[in-house]
Structure formats: C-alpha cells, structure tokens
Amino acid sequence: QVQLVESGGGLVQAGGSLRLSCTASGRTLDTLTMGWFHQAPGKEREFVATIRWTGGLTSYADSAKGRFTISRDNAKNTVYLQMNSLKIEDTGNYFCAAREGGAAWDSNLYDFWGQGTQVTVSS
C-alpha cells in the first residue's frame, strides 16, 4: 500500500505560481508512476501530468504544457508540481495518485490517491 499526502495549495492571483508537493510512503516506489490530477468545482477529475520514479519520464496534458512542470526527488519520496502562469480555470482540488507500471491519463487506472490540496486562482 502507498500513502500519499499533498501540500502546497493556496490562494494565488492569476499569472502567479505555486508548487505542490506529494510525499509517498508505505512501500518501495521504484516501479510506480506518479500522477497529478485536477478537479474543478462541479467537474470530473482530469489528468495533469505523470512521472516515473525510475528514469523520470514525464507526460503532460495539453493544458499543462509550457506552464506546469512535474518532478521528483527520489531521496525524499516526493513528487512536485510546479505551476506557473496560473489561470482562473486552474482553480480546484489537485490530487496526487500512484499506479503500478507506466504512465496513464485515465484516473481509473490509478490505485492510490491522496486527499488533495486546494488551489484557488483569483483575478
């Protein structure tokens, strides 16, 4: 089992930046893919980015490319999502997730989830 805890959310003005963190524990992480998902108010959860613990291969949703960067610090068991040029539509809960194997965009393919961290982008 993997336990995931997110942090770093908050209130920021449009155009600003935040860095979210996700710390994992409970088992060896080397074979996992980590993902970030965004859920806007009243909408379904959507893929943002993924990264492999081993090798660091990344993938991004089109809406995140050029603005968001996913990274990880293996020694700290922590995944980050650096969010720049934030837009009002980025508002919502951001969830960290993990799955065995390769990258996936479908949230249903992820096995472990954090409780989320709230991001609010104001005008």
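The residues of the chain are indexed from 1 along the displayed sequence.
How far CD of Q1 is from CG of D111: 11.0 Å, rounded to the nearest 0.5 Å. In this structure, CD on E46 lies 7.0 Å from OG on S63, to the nearest 0.5 angstrom. The CG atom of N77 sits 11.5 Å away from the CD atom of Q3 when rounded to the nearest 0.5 Å. The CG atom of L18 sits 8.5 Å away from the CG atom of L11 when rounded to the nearest 0.5 Å. Of the inter-residue distances, the one linking T120 atom OG1 with D90 atom CG reads 11.0 Å to the nearest 0.5 angstrom.
Residues S17 and Q82 share a closest heavy-atom pair of CB-NE2, 3.9 Å. When every heavy atom of L29 is checked against every heavy atom of A24, the shortest pair comes out as CD1-CB, 3.7 Å. Among all heavy-atom pairs drawn from T58 and Y60, the shortest one is OG1-CE1, 3.7 Å. R67 and S85 make their closest contact through NH1-O, 3.0 Å (heavy atoms, listed as atom of the first residue, atom of the second, distance). S59 approaches A103 most closely through the heavy-atom pair OG-CB, 4.1 Å. Among all heavy-atom pairs drawn from M34 and C96, the shortest one is CE-SG, 3.7 Å.
Side-chain N or O atoms of Y110 include one that pairs as donor or acceptor with a backbone N or O of A104 at under 3.5 Å. Between the side chain of R52 and the main chain of L57, no donor-acceptor pair closer than 3.5 Å is present. Side-chain atoms of Q115 do not come within 3.5 Å of backbone N or O of E6 as any donor-acceptor pair.
Using bins of under 30°, 30° to 60° and over 60° for the plane-to-plane angle, the ring pair F95/W113 lands in the perpendicular bin.
For the pairing with L81, the side-chain contact (heavy atoms from CB on, under 4.5 Å) check across T117, V48, T69, I51 returns one residue only, V48.
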Any chance you could lay out the side chain to side chain contact (heavy atoms under 4.5 Å, CB included) test for E100 and T31, step after step, and finish with the verdict?
CA-CA 6 Å; E100 189 71 48; T31 61; 2.4 Å; yes

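With no hydrogens or angles considered, a side-chain donor-acceptor pair links T23 and T78 at under 3.5 Å.
Follow the hydrophobic side-chain contacts under 4.5 Å out from W53 and you reach L20 in the same cluster. Y94 and V12 fall within a single hydrophobic cluster, where Ile, Leu, Val, Met, Phe, Trp and Tyr side chains are chained together by heavy-atom contacts under 4.5 Å. Two different hydrophobic clusters hold F47 and V79 under the rule that ILVMFWY side chains link at heavy-atom gaps under 4.5 Å.
The pair D62-K65 counts as a salt bridge, with a side-chain nitrogen and a carboxylate oxygen less than 4.0 angstrom apart.
Heavy atoms of other residues, nucleotides or ligands lying less than 6.0 angstrom from CD of Q39 number more than 12.
A cation-pi arrangement, defined by a distance under 6.0 Å to the six-membered ring centre and an angle within 45 degrees of its axis, is absent between R45 and F37.
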